[in-house]
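Owing to the predicted nature of the structure, the values given are computational and were not obtained by experimental measurement. So you know, we letter chains A, B, ... as the sequences are listed, proteins then strands, and number each from 1.
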Amino acid sequence: MLDVRLLREDIQKVTEGLKKRGQDIGLTGLLKLDEEMRRLLKESEGFKYKRNMVSDKIGELKKKGVDTDKETFEMREVSQRIKELDARIKELSEDINNRLLNIPNIPHSSVPVGRSAGDNVEIKKWGNPHKFNFPVKSHMELGDAVGLDFQRASKITGAGFVLYKGMGARLERALINFMLDLHVKEHGYLEVSPPFMVNRESATTTGNLPKFEEDLFKVDDGNYYLIPTAEVPVTNMHRDEIIPEVMLPLYYVAYTPCFRKEAGSWGQDTKGLIRQHQFDKVELVKFVKPEGSYEELEKLLSHAEEVLKRLELPYRVITLCAGDMGFSSAKSYDIEVWIPSQGKYREISTCSNFEDFQARRGSIRYKPKGGGKPVFLHTLNGSGLAIGRTMVAILENYQQEDGSVIIPEVLRPYMDGKERIP
RNA sequence: GGAGGGGUGGCCGAGUGGUUUAAGGCGCUGGUCUUGAAAACCAGUGAACGAAAGUUCCGUGAGUUCGAAUCUCACCUCCUCCGCCA
């Protein structure tokens, strides 16, 4: 959420920032509402001051046994007026808030201008795609032998789900454990295992609500939502909290399944593991002071990259252009892994700095050491990594002519030393 | 699912209609004292809006009243017991 004060003080800057995203949002109406609300608030407070004074006086007079009918009658009207004003103020502030909640974050100055994925900028490549001297198979073709069962998942639930069996299930679990261990033991993250359903407030903090409700699975029973990423529950760990400065930075890593409706992406990646309604992901989340948040983003990115380096999977990193970034992000990098069957790099992680956008929505602040007012901190997160797509990359990049798949060395300790599946 | 009891500042805890501008304690910060420390003593210690005066916040939301932490209703949540259950 943007700061209303920024709108009041520099509406030009905000408008330009949003234009960079390709969004032309009129803000003058919002400013008018804000002005009116503040005017009424002043008026209401004046009446409240009066009410408090006279009410105290009534108390004293009554103690002395003096008649207070005149004052009581007068205050009855004042109270009525306050009630009306407060009702209007509440309406206005709800309206203002709703509008603010629907405005995306302003891109950081280093973010390239652009409308869509075509304008993203590649900044780094690592590893070389392997040359195969036989026709490469897709992970769907390879998957059968290692226990990927799409047919049965579809019978059990429907399209967009997968059933892992045998060594496939084992490989998935190995990936989760490998990634968690790396981030916990070597990168200094605290492992958390959060709820997989969240309430409205939590989904609003991260920016999934109110604008993107159609992307979420709703659990009707309790007004809960299945999480689309661990970012949602983990970021909300500190919602409505004021953290002592000495506690910062906070690094968390969480493994969770993720549930997404994928509304609006019909027809893309309909087959295979790339796009599923449910997939597993290991997610990195940081709470940091504003000053260092962009260095923290670089570090976060390197932590996610490290997973691919150790798995020896070729990848590249791109900076997302303003138009291709997520709603809440101020700057995002995508890591894309090489997919041999498609002959291109595909997204496997997004690392983002949200600055204080989410912190403001969720009121997540820290208390400065030397005293002073609480300050909104900066939140960041990134996949480290998406398990399903990592599975795809391993199956395809490590495939052998006979249809078997070599297990990357770092995963073997998690698989009883096995070197190859099936 | 049934029955009962709670939710007050960083923490503990008093407060059942009007000097409560939320007592008191602990913790924390600063000071005095001390060779240094501890102890003792003194002072200061929540948040939002506002230039300020001030207004608001005692789980949340409605209501009663001139006036609500305090009374009424609904909801949320925690605890105890019973039942069911991984």
May I have the distance from A/Tyr49 (atom OH) to B/U55 (atom P), rounded to whole angstrom?
-> 7 Å
Give one of base, sugar-phosphate or nothing for A/Arg8, where a contact means two heavy atoms less than 4.0 Å apart.
-> sugar-phosphate
Quick one: do the A/Thr350 and A/Asp334 side chains pair a donor with an acceptor below 3.5 Å?
-> yes
Below 3.5 Å is the cut-off: list the nitrogen or oxygen pairs between protein and nucleotides 46-48 of chain B, distance only.
from, atom 1, to, atom 2, distance (Å)
B/A47, OP1, A/Lys367, NZ, 2.8
B/A47, O3', A/Arg365, NH1, 3.1
B/A48, OP1, A/Arg365, NH1, 3.0
B/A48, OP2, A/Lys373, NZ, 3.1

Whole-Å gap separating P (B/U56) and CG (A/Leu85) = 14 Å
Test: A/Asp86 and A/Lys90 ion pair at under 4.0 Å | no
Can you tell me the pairing partner of B/G15 across any strand shown, Watson-Crick or G-U wobble, with both distances under 3.5 angstrom?
-> B/U8
Which base, if any, makes a Watson-Crick or G-U wobble pair with B/C49, both distances under 3.5 Å?
-> B/G54
Compute the centroid of each ring, for A/Phe357 and then for A/Phe327, and state whether the two points are separated by less than 6.0 Å.
-> yes
Show your reasoning for whether salt bridge (Lys or Arg N to Asp or Glu O under 4.0 Å) applies to A/Asp34 and A/Arg38.
-> CA-CA 6 Å; A/Asp34 179 55; A/Arg38 284 190 294 158; 3.5 Å; yes
Side chain proximity check, A/Ile421 to A/Ile407, heavy atoms < 4.5 angstrom | yes
Do you see a donor-acceptor pair shorter than 3.5 Å between the side chains of A/Gln358 and A/Thr379?
-> yes
Are any of the side-chain nitrogens in A/Glu84 or A/Arg81 under 4.0 Å away from the carboxylate oxygens of its partner?
-> yes
B/A69 -> Watson-Crick or G-U wobble partner, both distances under 3.5 Å, gives none
Inter-nucleotide P distance (B/G1, B/U8), Å rounded = 25 Å
For B/A39 and B/C26, measure between their P atoms and round to the nearest Å.
-> 11 Å
If the C1' atom of B/U72 is compared with that of B/G17, how far apart are they to the nearest Å?
-> 14 Å
For nucleotides B/U70 and B/C58, find the distance between their P atoms and express it as a whole number of Å.
-> 8 Å
With RNA chain B as reference, determine whether A/Arg38 or A/Ser44 sits nearer its 5' end, using the nearest nucleotide of each.
-> A/Arg38
Roughly how many Å is it from CD in A/Glu35 to P in B/G50, rounded to a whole number?
-> 14 Å
Interatomic distance where CE belongs to A/Met53 and C1' belongs to B/U21 [whole Å] = 12 Å
A/Arg239 CZ to B/C76 C1', straight-line distance once rounded to whole Å | 13 Å
G-U wobble or Watson-Crick pairing nucleotide for B/C75 (cut-off 3.5 Å, both distances) | B/G59
Euclidean distance for C1', B/A69 against B/G6 (whole angstrom) = 15 Å
Between the side chain of A/Arg389 and the main-chain N/O of A/Glu347, is any donor-acceptor distance below 3.5 Å?
-> yes
What string of B, S and - do you get for nucleotides 58-71 of chain B 5' to 3' if you count protein non-hydrogen atoms under 4.0 Å?
-> ----S-S-BS----
Which sits closer to the 5' end of RNA chain B, A/Lys42 or A/Lys48, going by the nucleotide each is nearest to?
-> A/Lys42
Grab the CD-P distance between A/Glu201 and B/C76 for me, whole Å please.
-> 13 Å
When the P atoms of B/C85 and B/G10 are considered, how many whole Å apart are they?
-> 43 Å
Under a 3.5 Å limit on both distances, the Watson-Crick or wobble mate of B/U21 is none
Which of these passes side-chain contact (heavy atoms from CB on, under 4.5 Å) with A/Ile364: A/Thr235, A/Ile242, A/Asp240?
-> A/Thr235
Does the separation of the ring centres of A/His187 and A/Tyr251 fall below 6.0 angstrom?
-> no
Span that lies between the C1' atom of B/A3 and that of B/C12, in whole angstrom | 29 Å
Does A/Arg310 come within less than 4.0 Å of A/Glu186, counting only side-chain N to carboxylate O?
-> yes
Atom CE of A/Met37 to atom P of B/U55: distance rounded to whole Å?
-> 18 Å
The Watson-Crick or G-U wobble partner of B/A40, with both key distances under 3.5 Å, is B/U32
Nearest-angstrom distance, C1' atom, B/U56 to B/A68 | 14 Å
Across all strands shown, which nucleotide pairs with B/C81 by Watson-Crick or G-U wobble geometry, both distances under 3.5 Å?
-> B/G2
